[in-house]
Amino acid sequence: MTGDPAARMLPHLSTSLPMEPPMPDSAIPIRVKNLLACSGCQVGDTVRVQGWIRTRRDSKAGLSFLQVHDGSCFDAVQVVAPGELDNYATEVQRLTTGCSVRCTGTIVASQGKGQSVEVLADTIEPVGWVEDPDTYPVPAKRHSFEYLREMAHLRVRTNTFSAIARVRHCLAQAVHRFFHENGFYWVHTPIITGSDCEGAGEMFRVSTLDLENLPRTEEGAIDYTQDFFGRDTNLTVSGQLNVEAYCQALSKVYTFGPTFRAENSNTSRHLAEFWMIEPEIAFADLNDDADLAEEFLKSIFTALLQELPDDMGFFRDRIDKTCINRLESFVEASFERMEYTDAIAILEQAVAGGVKFEYPVSWGVDLQSEHERWLTEEHVGRPVVLMNYPRDIKAFYMRQNDDGRTVAAMDVLAPGIGEIIGGSQREERLDVLDKRIGEMGLDTADYWWYRDLRKYGTVPHAGFGLGFERTIAYATGMANVRDVIPYPRTPRSATF
RNA sequence: UCCCCUGUAGCUCAAUUGGUAGAGCGAGCGGCUGUUAACCGCUAGGUUGCUGGUUCGAGUCCAGCCGGGGGAGCCA
């Protein structure tokens with residue numbers, strides 16, 4: 001649990017916050033997670049909790065119940081406010097969903113059902129009011145995800161989005177932990193790139209030129225020599241080429257950071273700004289790459305199941321009944337390795353046997369989602385690693401196989417989602433690489449530094465890419481990647 | 001970018017082949033209660049996305065624009 005900041009106390013912060021109110025000497029500042037677990041405190045202790053009101057329920061017997069959450073865990077703590085408090089009528093009974101409060105009181109065993117312990121308050125200090133409860137955008141009721149998307153600054157106060165934030169953090173930590181513990185170095189590949197050769201999609205231009213008055217060359221083209229970098233630059237669409245260079249000195253490396261695609265894609269699986277994980281390993285072939293992908297995915301999903309049972313229980317109960325079972329099956333299964341060529345034969349047999357697909361199948365076509373789903377869900381029933389695709393449907397940097405018609409590419413397919421990882425062994429032979437660059441109509445001059453890697457101590461190497469938001473959506477059952485990133489960027493949408 | 005659906009109260013949605021715009025939730029007030037998605041009653045809350053058109057009459061039909069969603073393509 002050392003990686004979980006909510007589990008640790010930060011007394012130096014807690015005691016240096018501004019507007020510190022008088023507090024009984026014995027009051028222990030504590031976060032809700034630890035309070036509910038009686039970790040670092042026990043029944044009878046005087047504690048202080050700070051957070052936001054989820055609901056208030058009044059009892060005319062002369063007390064009120066406040067559900068106070070602070071983001072440290074899924075549950076809120078019940079703070080019992082006796083009617084004897086000085087500000088009971090003037091302030092406590094005016095608290096509404098969303099107000100922030102600072103409470104001190106005694107931890108007691110709860111008389112009610114639904115919680116084992118609660119806080120019997122000595123003081124309740126409203127810190128920030130909700131100025132108009134009638135128009136507070138996220139009252140305690142059901143909201144559609146579409147509506148909450150337009151309230152991205154407030155939606156994290158809901159059960160669902162605070163749970164997503166914790167899952168996202170947990171998985172990110174698990175990613176770094178897996179790589180760190182396996183001897184990988186995290187490489188901070190550039191966000192602004194001068195490479196125009198990544199070939200992974202439409203790019204966002206980065207420029208300080210005056211759009212109202214663009215400098216022109218004598219030929220009438222835009223004169224990028226006058227731009228900030230003295231050339232045209234873009235936001236990165238992939239760190240792969242850069243991280244390959246570091247791989248060929250550090251042996252095992254990865255990138256994990258934001259990536260940008262200016263594609264006009266309007267789907268539940270695409271974002272203009274998303275986070276991608278791209279490991280790269282040297283002295284490795286495609287089988288090593290598949291091994292890595294399998295160990296990696298099992299590691300991060302195992303961590304999620306172990307570290308956030310309450311949040312995952314919420315997703316199971318309210319979002320997707322199967323999400324926990326799916327992850328448990330995933331981490332226990334051995335991945336099936338299958339050749340693309342064999343997969344096509346299996347699919348063709350299935351069609352002959354009466355299975356209906358919308359798109360036809362034959363050797364040389366890229367598999368559609370329906371084909372991938374059928375293979376992993378119906379035919380194998382476990383995760384599948386498809387390997388060695390036709391070279392004509394894959395990128396220039398993928399290593400050509402001896403058969404002359406396939407490349408060492410792989411996709412990891414998972415039940416319930418389809419493709420979750422795409423990777424390949426990279427072409428390490430300069431002559432073969434140059435031939436491929438030429439065949440695809442690209443210019444070897446643009447790849448001068450990438451080609452250098454093949455001139456100076458080249459080595460077989462491989463890697464893969466994993467979309468972080470798709471991984472979170474898969475793990476939680478959330479249907480739209482726009483709801484698993486705090487501030488989604490999509491075509492015509494970048495409000496926050 | 002293409003196809004389909006959609007836009008009505010703070011939110012989720014009704015509104016009969018075009019005829020006075022309603023409910024639930026939320027909110028406010030009152031009642032009841034160691035409460036737990038509380039419950040009961042009352043109240044407030046709308047230029048039906050925008051612009052134009054057809055019509056005696058448009059939330060409803062037509063055109064354009066803008067927004068949202070789903071699917072496809074592209075991909076992660």
Side-chain angles (χ1 to χ4, degrees), chain A residues 54-67 75-83 93-94 96-98 108-115 118 120 130-151 154-155 158-159 198-202 236-240 255-256 258-278 317-318 358-359 366 368-370 393-395 411-412 417-423 464-474 479-485 490-493 495:
Chain A
R54 185 155 279 155
T55 61
R56 189 196 83 230
R57 294 182 295 275
D58 296 333
S59 167
K60 282 296 187 318
L63 66 166
S64 293
F65 301 94
L66 306 174
Q67 294 291 332
D75 289 316
V77 64
Q78 175 158 283
V79 175
V80 182
Q93 288 197 297
R94 290 174 46 226
T96 58
T97 303
V108 296
S110 179
Q111 298 174 33
K113 296 167 186 159
Q115 60 278 322
E118 61 194 20
L120 181 58
V130 168
E131 63 177 30
D132 180 5
D134 191 31
T135 56
Y136 180 56
V138 285
K141 71 178 292 288
R142 283 194 164 278
H143 297 91
S144 68
F145 291 142
E146 292 79 13
Y147 167 73
L148 290 171
R149 220 169 277 153
E150 295 170 0
M151 295 289 161
L154 297 174
R155 64 178 181 169
T158 65
N159 282 340
E198 289 165 343
E202 291 296 311
T236 182
V237 294
S238 166
Q240 181 195 315
T255 72
F256 184 7
T259 308
F260 307 87
R261 304 272 169 95
E263 306 284 355
N264 190 8
S265 293
N266 296 286
T267 85
S268 58
R269 299 175 308 283
H270 289 84
L271 293 163
E273 177 181 289
F274 64 100
W275 284 56
M276 190 154 64
I277 297 153
E278 296 174 288
D317 295 341
R318 297 296 179 87
E358 186 177 349
Y359 291 89
D366 210 354
Q368 298 290 326
S369 297
E370 57 175 348
I393 59 172
K394 290 294 181 181
D411 281 348
V412 179
I417 186 173
E419 180 185 338
I420 188 169
I421 277 182
F464 61 78
L466 174 75
F468 192 47
E469 284 73 24
R470 289 184 182 178
T471 306
I472 300 168
Y474 175 66
N480 195 319
V481 291
R482 294 166 192 163
D483 296 325
V484 301
I485 189 168
T490 55
R492 298 179 305 281
S493 177
T495 302

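Throughout, protein chains are lettered first and strands after them, A, B, ... in sequence-line order, and every chain is numbered starting at 1. As a basis for the values below, the full set of heavy atoms in this structure was taken, side chains included, without hydrogen atoms, waters or symmetry mates.
- In this view, A:Glu278 and A:Ser238, A:Thr255 satisfy the side-chain hydrogen bond (donor to acceptor under 3.5 Å, both in side chains) rule, not counting sequence neighbours.
- Put simply, CZ on A:Arg261 and NE2 on A:His270 are 8.5 Å apart, with the number rounded to the nearest 0.5 Å.
- A:Ile421 comes within 4.0 angstrom of nothing in the nucleic acid, heavy atoms only.
- As rounded to whole Å, 19 Å separates atom P of B:C75 from atom CD of A:Glu469.
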Tabulate atom names and distances for all N/O pairs under 3.5 angstrom spanning the protein and nucleotides 65-72 of chain B.
{"unit_1": "B:G69", "atom_1": "OP1", "unit_2": "A:Arg149", "atom_2": "NH1", "d": "2.5"}
{"unit_1": "B:G69", "atom_1": "OP1", "unit_2": "A:Arg482", "atom_2": "NH1", "d": "3.0"}
{"unit_1": "B:G69", "atom_1": "OP2", "unit_2": "A:Arg482", "atom_2": "NH1", "d": "3.4"}
{"unit_1": "B:G70", "atom_1": "OP1", "unit_2": "A:Asn480", "atom_2": "ND2", "d": "3.0"}
{"unit_1": "B:G71", "atom_1": "OP2", "unit_2": "A:Ser268", "atom_2": "OG", "d": "3.4"}
{"unit_1": "B:A72", "atom_1": "O3'", "unit_2": "A:Tyr359", "atom_2": "OH", "d": "3.3"}

Item to complete: Take A:Glu263 and A:Val237 through the test side-chain contact (heavy atoms from CB on, under 4.5 Å) and record every step on the way to the result.
Response: CA-CA 11 Å; A:Glu263 306 284 355; A:Val237 294; over 6 Å; no
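- Atom NE2 in A:His143 sits 6.0 Å away from atom CG in A:Leu148 (nearest 0.5 Å).
- Nearest heavy-atom pair, A:Ser268 versus A:Ala479, reported as atom, atom and distance to 0.1 Å: CB-O, 3.5 Å.
- Here, B:A21 and B:G34 have their P atoms 45 Å apart, quoted to the whole Å.
- With both ends at atom P, the span from B:U43 to B:G68 equals 38 Å, rounded to whole Å.
- Between B:C42 and B:U36, the two P atoms lie 22 Å apart (nearest whole Å).
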Protein and nucleotides 23-29 of chain B: nitrogen or oxygen contacts under 3.5 angstrom:
{"unit_1": "B:G26", "atom_1": "N2", "unit_2": "A:Asp134", "atom_2": "OD1", "d": "2.8"}

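- What you find for A:Pro82 and A:Leu63 is that their closest heavy atoms are CA-CB, 4.1 Å.
- When the C1' atom is used for both B:C75 and B:G71, the distance is 16 Å, rounded to whole Å.
- Taking every heavy atom of both residues into account, A:Thr236 and A:Pro258 meet most closely at CG2-O, 3.9 Å.
- Separation of the C1' atoms belonging to B:G57 and B:G18 is 8 Å when rounded to the nearest angstrom.
- When the C1' atom is compared between B:G53 and B:U20, the two are found 25 Å apart, to the nearest whole Å.
- The side-chain hydrogen bond (donor to acceptor under 3.5 Å, both in side chains) check on A:Asp366 picks up nothing, with sequence neighbours excluded.
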Listed pairs, N/O of protein and of nucleotides 32-36 of chain B, under 3.5 Å:
{"unit_1": "B:U33", "atom_1": "N3", "unit_2": "A:Asp58", "atom_2": "O", "d": "3.0"}
{"unit_1": "B:U33", "atom_1": "O4", "unit_2": "A:Asp58", "atom_2": "O", "d": "3.0"}
{"unit_1": "B:U33", "atom_1": "O4", "unit_2": "A:Lys60", "atom_2": "N", "d": "2.8"}
{"unit_1": "B:G34", "atom_1": "OP2", "unit_2": "A:Ser59", "atom_2": "OG", "d": "3.4"}
{"unit_1": "B:G34", "atom_1": "N7", "unit_2": "A:Gln111", "atom_2": "OE1", "d": "3.4"}
{"unit_1": "B:G34", "atom_1": "O6", "unit_2": "A:Gln111", "atom_2": "NE2", "d": "3.1"}
{"unit_1": "B:G34", "atom_1": "N1", "unit_2": "A:Glu118", "atom_2": "OE2", "d": "2.6"}
{"unit_1": "B:G34", "atom_1": "N2", "unit_2": "A:Gln78", "atom_2": "NE2", "d": "3.1"}
{"unit_1": "B:G34", "atom_1": "N2", "unit_2": "A:Glu118", "atom_2": "OE1", "d": "2.6"}
{"unit_1": "B:G34", "atom_1": "N2", "unit_2": "A:Glu118", "atom_2": "OE2", "d": "2.9"}
{"unit_1": "B:U35", "atom_1": "O2'", "unit_2": "A:Arg57", "atom_2": "NE", "d": "3.2"}
{"unit_1": "B:U35", "atom_1": "O2", "unit_2": "A:Arg57", "atom_2": "NE", "d": "2.8"}
{"unit_1": "B:U35", "atom_1": "O2", "unit_2": "A:Arg57", "atom_2": "NH2", "d": "2.9"}
{"unit_1": "B:U35", "atom_1": "N3", "unit_2": "A:Gln78", "atom_2": "OE1", "d": "3.0"}
{"unit_1": "B:U35", "atom_1": "N3", "unit_2": "A:Gln78", "atom_2": "NE2", "d": "3.0"}
{"unit_1": "B:U35", "atom_1": "O4", "unit_2": "A:Gln78", "atom_2": "NE2", "d": "2.6"}
{"unit_1": "B:U35", "atom_1": "O4", "unit_2": "A:Gln115", "atom_2": "NE2", "d": "3.2"}
{"unit_1": "B:U36", "atom_1": "O4'", "unit_2": "A:Arg57", "atom_2": "NE", "d": "3.3"}
{"unit_1": "B:U36", "atom_1": "O2", "unit_2": "A:Gln115", "atom_2": "OE1", "d": "3.4"}
{"unit_1": "B:U36", "atom_1": "N3", "unit_2": "A:Lys113", "atom_2": "O", "d": "2.5"}
{"unit_1": "B:U36", "atom_1": "N3", "unit_2": "A:Gln115", "atom_2": "OE1", "d": "3.4"}
{"unit_1": "B:U36", "atom_1": "N3", "unit_2": "A:Gln115", "atom_2": "NE2", "d": "3.2"}
{"unit_1": "B:U36", "atom_1": "O4", "unit_2": "A:Lys113", "atom_2": "N", "d": "2.5"}
{"unit_1": "B:U36", "atom_1": "O4", "unit_2": "A:Lys113", "atom_2": "O", "d": "2.5"}
{"unit_1": "B:U36", "atom_1": "O4", "unit_2": "A:Gln115", "atom_2": "NE2", "d": "3.2"}

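- Rounded to the nearest 0.5 angstrom, A:Glu150 CD and A:Arg155 CZ are separated by 11.0 Å.
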Discussion item. Can you give me the dot-bracket string for RNA chain B, 5' to 3', counting Watson-Crick and G-U wobble pairs with both distances under 3.5 Å, using [ ] for crossing pairs and | for partners on another strand?
Written reply: (((((((..((((.....[..)))).(((((.......))))).....(((((..]....))))))))))))....
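- Atom-to-atom distance recorded for A:Phe256:CZ and A:Trp275:CH2 is 6.5 Å, nearest 0.5 angstrom.
- In this entry the distance linking CE of A:Met151 with P of B:C11 reads 8 Å, nearest Å.
- In this structure, the CD atom of A:Glu419 is 13 Å from the P atom of B:G73, given to the nearest Å.
- Atoms OG1 and CD, from A:Thr97 and A:Gln67 in turn, are 10.5 Å apart once rounded to the nearest 0.5 Å.
- In this structure, the separation between CG on A:Asn480 and OG1 on A:Thr267 is 7.5 Å, given to the nearest 0.5 Å.
- For the pair A:Lys394 and A:Asp411, the tightest heavy-atom approach, listed with the atom from each and the gap, is NZ-OD2, 4.0 Å.
- When the P atom is used for both B:C29 and B:G64, the distance is 49 Å, rounded to whole Å.
- Annotation: side chain of A:Arg57 is in contact with side chain of A:Gln78 (closest heavy-atom distance under 4.5 Å).
- Atom name C1', nucleotides B:C11 and B:A27: the rounded distance is 11 Å, in whole Å.
- What separates NE2 of A:His143 from C1' of B:A9 is a distance of 14 Å, to the nearest Å.
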